[in-house]
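Residue numbers run from 1 in the order of the sequence given.
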Amino acid sequence: MTETAMTVNPVTDQSPAKPDPNAQTVTSVRHWTDSLFSFRVTRPASLRFRSGEFVMIGLPGDNGKPIMRAYSIASPNWDEELEFYSIKVPDGPLTSRLQNIQVGDQIILRPKPVGTLVHDALIPGKRVWFLATGTGLAPFASLMRDPETYEKFDEVIMMHTCRTAEELTYGRELVEALEKDELIGEMVAGKLRYYPTTTREDSPFMGRITDNLTSGKVFTDLGLEPMDPATDRAMVCGSLAFNQDVMKVLEGFGLNEGANSEPREYVVEKAFVGEGV
């Protein structure tokens with residue numbers, strides 16, 4: 001047997017570029033409004049996360065470096081795929097492009113979940129409040145679909161505020177589907193209270209979350225007792241200004257801020273997707 005020398009053409013025989021180890025494939029996309037959309041992607045086999053946590057996702061930039069932003073995982077930890085809920089920012093470095101993704105496209109996902117909106121950061125209680133504006137609903141979309149939420153609390157109150165009723169659609173459809181869910185439908189029934197409000201358009205419930213809490217309107221509307229630090233817990237996700245305002249309200253009720261390392265009565269997610277993303 002004789003050996004034959006191989007020659008390599010540096011132009012035509014280049015090795016193909018290695019696939020990004022953090023690339024995940026888009027499996028579905030839905031545009032809810034002109035400024036809001038959700039999408040699902042494949043889930044890395046090695047990814048383990050607690051419902052309510054976030055990961056870094058993004059797309060390659062023009063300079064070859066990826067543009068990455070923190071996004072809460074909207075799907076629960078048992079889901080075989082990952083879901084994300086996003087705002088569209090016309091001139092945003094990431095979302096101006098991310099909003100155009102289609103099924104089959106790929107995104108970059110760094111599988112290192114972190115976050116404070118997790119059950120471990122709260123001390124035991126009887127009632128938990130999820131307080132969100134806009135796409136701040138995303139981590140609660142995960143937590144509302146997690147059986148652990150209903151095992152830990154007798155009541156779950158989801159307060160979500162947007163400018164218009166159309167912007168509430170993602171959350172409303174999610175909540176309406178929960179009681180029919182084969183996995184947790186029976187657990188959700190009678191425990192989940194949904195309180196959607198608008199600030200710029202007439203709807204059954206109006207007003208900002210802070211106003212509806214301080215005035216007591218939400219307690220009257222839902223037939224609930226006011227917040228009590230002995231029994232109530234809360235999680236907060238929104239803009240920086242919203243978070244700060246709600247923290248003052250919660251502390252006015254006697255609740256104290258906690259963290260993974262020191263669980264208390266309420267927690268706030270401070271790594272959010274804001275304007276300019």
Colleague: Are side-chain heavy atoms of T199 and C162 found at a separation under 4.5 Å?
Modeller: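 No - every pair of side-chain heavy atoms lies 4.5 Å or more apart.
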
Colleague: Show the nearest heavy-atom pair for residues T135 and I87, with the distance to one decimal.
Modeller: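 Answer, listing the atom of T135 first, then I87: CG2-N, 3.6 Å.
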
Colleague: How close do L178 and L192 get, counting heavy atoms only, and between which atoms?
Modeller: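 Closest approach of L178 to L192, heavy atoms only: CD1-CD2, 3.6 Å.
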
Colleague: For residues S203 and M206, report the shortest heavy-atom separation together with the two atoms involved.
Modeller: N-SD, 3.3 Å

Colleague: Mind checking whether I107 and L98 have side chains closer than 4.5 Å, heavy atoms only?
Modeller: yes

Colleague: Check whether any side-chain heavy atom of F49 sits under 4.5 Å from a side-chain heavy atom of P111, and report yes or no.
Modeller: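 Result no, sub-4.5 Å side-chain heavy-atom pair not found.
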
Colleague: Mind checking the CD-CG spacing from E148 to D120? Nearest 0.5 Å is all I need.
Modeller: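 Separation between the atoms: 6.5 Å.
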
Colleague: Using the rule given for side chain to side chain contact (heavy atoms under 4.5 Å, CB included), can you reason through L59 versus I67, listing the C-alpha separation, both sets of side-chain angles and the distance that settles it, and then say yes or no?
Modeller: CA-CA 6 Å; L59 295 169; I67 303 171; 5.8 Å; no

Colleague: How long is the span from the NZ atom in K248 to the CZ atom in F253, to the nearest 0.5 Å?
Modeller: 15.5 Å

Colleague: Got a salt bridge between K270 and E257, using NZ or NE/NH1/NH2 to carboxylate O under 4.0 Å?
Modeller: yes

Colleague: For E155, run the salt bridge (Lys or Arg N to Asp or Glu O under 4.0 Å) check against R193, K191, K126 and tell me which one passes.
Modeller: R193

Colleague: Will you find, in the side chains of Y170 and S38, an N or O donor that is under 3.5 Å from an N or O acceptor?
Modeller: no

Colleague: Is there a ring pair (Phe, Tyr, Trp, His ring centres under 6.0 Å) between W129 and F219? Walk through the geometry before answering.
Modeller: CA-CA 12 Å; W129 297 76; F219 308 122; 5.6 Å; yes

Colleague: Given side chains that start at C-beta, do those of Q102 and V29 come closer than 4.5 Å, heavy atoms only?
Modeller: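 A side-chain contact under 4.5 Å is absent here.
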
Colleague: Look up atom CE in M158 and atom CG in L174, then write down how far apart they are to the nearest 0.5 Å.
Modeller: 10.0 Å

Colleague: Report, as yes or no, whether the 6.0 Å neighbourhood of atom CZ on R172 holds more than 12 heavy atoms from other residues, nucleotides or ligands.
Modeller: yes

Colleague: Is the backbone N or O of S142 less than 3.5 Å from a side-chain atom of D146, with the two atoms forming a donor-acceptor pair by type?
Modeller: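 Pair absent, no side-chain N/O of D146 close to backbone of S142.
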
Colleague: Could you go through the side chain to side chain contact (heavy atoms under 4.5 Å, CB included) check for I57 and V55 one step at a time?
Modeller: CA-CA 6 Å; I57 67 172; V55 290; 3.9 Å; yes

Colleague: Inspect the surroundings of CD in E176 and state if more than 12 heavy atoms from other residues, nucleotides or ligands are less than 6.0 Å away.
Modeller: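 Count over threshold, so yes.
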
Colleague: Does the plane of the ring in F130 sit parallel, tilted or perpendicular to the ring in F140? Use 30° and 60° as the thresholds.
Modeller: parallel

Colleague: Apply side chain to side chain contact (heavy atoms under 4.5 Å, CB included) to V128 and L122, showing your working.
Modeller: CA-CA 10 Å; V128 65; L122 295 177; 4.2 Å; yes

Colleague: Given H160, which of I209, T133, L168, L131 fulfils the side chain to side chain contact (heavy atoms under 4.5 Å, CB included) condition?
Modeller: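 Between H160 and the candidates, side chain to side chain contact (heavy atoms under 4.5 Å, CB included) is satisfied uniquely by L168.
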
Colleague: Decide yes or no for V41 and T25: does some side-chain heavy atom of the first lie under 4.5 Å from some side-chain heavy atom of the second?
Modeller: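 With C-beta onward as the side chain, the pair stays apart.
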
Colleague: If every non-hydrogen atom of L224 is compared with every non-hydrogen atom of R127, which pair is closest and at what distance?
Modeller: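 Looks like CB-NH1, 3.5 Å.
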
Colleague: Below 4.5 Å, heavy atoms only, C-beta onward: do I108 and N22 meet side chain to side chain?
Modeller: yes

Colleague: Is the shortest side-chain N to carboxylate O distance from E53 to R50 below 4.0 Å?
Modeller: yes

Colleague: Run the salt-bridge test on E81 and R43 with the 4.0 Å N-O cut-off and return the result as yes or no.
Modeller: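 Not counted as a salt bridge, because no side-chain N and carboxylate O are separated by less than 4.0 Å.
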
Colleague: Got R69 and P93 here, is their nearest side-chain heavy-atom distance under 4.5 Å?
Modeller: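 Answer yes - side chains close enough.
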
Colleague: Tell me whether R40 is salt-bridged to D79, with the criterion being a basic N under 4.0 Å from an acidic carboxylate O.
Modeller: yes

Colleague: Quick check for you: to the nearest 0.5 Å, what is the distance between R145 atom CZ and S51 atom OG?
Modeller: 9.5 Å

Colleague: With distance as the sole criterion, is a donor-acceptor pair present between the side chains of T42 and Q24 under 3.5 Å?
Modeller: yes

Colleague: Is a donor on one side and an acceptor on the other found under 3.5 Å between the side chain of S215 and the backbone of K217?
Modeller: yes

Colleague: Between the side chain of Q99 and the main-chain N/O of T95, is any donor-acceptor distance below 3.5 Å?
Modeller: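 Side chain of Q99 to backbone of T95: a pair is present.
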
Colleague: Below 4.0 angstrom, N of the basic side chain to O of the carboxylate: do E83 and R30 qualify?
Modeller: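 The answer is no: the pair does not qualify as a salt bridge.
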
Colleague: Using modelled atom types only, decide if a donor and an acceptor are shared between the side chain of Y85 and the backbone of P139 within a distance under 3.5 Å.
Modeller: no

Colleague: Atom CD of residue position E251 - does it have more than 12 heavy atoms of other residues, nucleotides or ligands inside 6.0 Å?
Modeller: yes

Colleague: Under the 3.5 angstrom rule, does the side chain of N243 hit a backbone N or O of E269 as a donor-acceptor pair?
Modeller: yes

Colleague: Could you tell me whether a side-chain N or O of R233 sits under 3.5 Å from a main-chain N or O of H119, the two making a donor and an acceptor?
Modeller: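 Absent.
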
Colleague: Please answer whether the main-chain N or O of G207 pairs with a side-chain N or O of D211 as donor and acceptor at a distance below 3.5 Å.
Modeller: no

Colleague: Is V267 reachable from M247 through a run of hydrophobic residues whose side-chain heavy atoms are each under 4.5 Å from the next?
Modeller: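 Different clusters.
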
Colleague: Between atom CZ of F205 and atom OH of Y195, what is the distance when rounded to the nearest 0.5 Å?
Modeller: 5.5 Å

Colleague: Out of curiosity, does F84 fall in the hydrophobic cluster containing F54 (side-chain heavy atoms, cut-off under 4.5 Å, transitive links)?
Modeller: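 Different clusters: F54 never reaches F84 through Ile, Leu, Val, Met, Phe, Trp or Tyr contacts under 4.5 Å.
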
Colleague: Starting from L250, can I reach L117 by hopping between I/L/V/M/F/W/Y residues whose side chains sit under 4.5 Å apart?
Modeller: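 Unlinked, L117 and L250 end up in two clusters.
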
Colleague: Can you confirm whether the side chains of T197 and T161 place a donor and an acceptor under 3.5 Å from each other?
Modeller: yes

Colleague: Go through it in stages, so that I can follow the logic: the residues are E151 and M187, the test is side chain to side chain contact (heavy atoms under 4.5 Å, CB included), and I'd like the CA-CA distance, side-chain angles, deciding distance and then a yes or no.
Modeller: CA-CA 8 Å; E151 292 169 353; M187 302 179 74; 3.6 Å; yes

Colleague: With a sphere of 6.0 Å drawn around CZ of R208, does it hold more than 12 non-hydrogen atoms of other residues, nucleotides or ligands?
Modeller: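 Open.
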
Colleague: Which heavy-atom pair separates R163 from S35 by the least distance, and what is that distance?
Modeller: NH2-OG, 4.1 Å

Colleague: For L143 and T149, work out which heavy atoms get closest and say how close.
Modeller: O-OG1, 2.7 Å

Colleague: Could you tell me whether D62 atom CG has more than 12 heavy atoms of other residues or ligands within 6.0 Å of it?
Modeller: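 Atom CG in D62 is not crowded, with 12 or fewer foreign heavy atoms closer than 6.0 Å.
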
Colleague: Looking only at side-chain N and O atoms, does N256 offer a donor or acceptor that is under 3.5 Å from a partner on Y266?
Modeller: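 No - no donor-acceptor pair under 3.5 Å links their side chains.
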
Colleague: With the side chain counted from C-beta on, respond yes when L213 and M159 share a heavy-atom pair under 4.5 Å apart, and no when they do not.
Modeller: yes

Colleague: Do you reckon L82 sits in the same ILVMFWY cluster as I101, going by side-chain contacts under 4.5 Å, direct or chained?
Modeller: yes

Colleague: Are Y194 and L137 co-members of a hydrophobic cluster defined by side-chain heavy atoms under 4.5 Å apart?
Modeller: yes

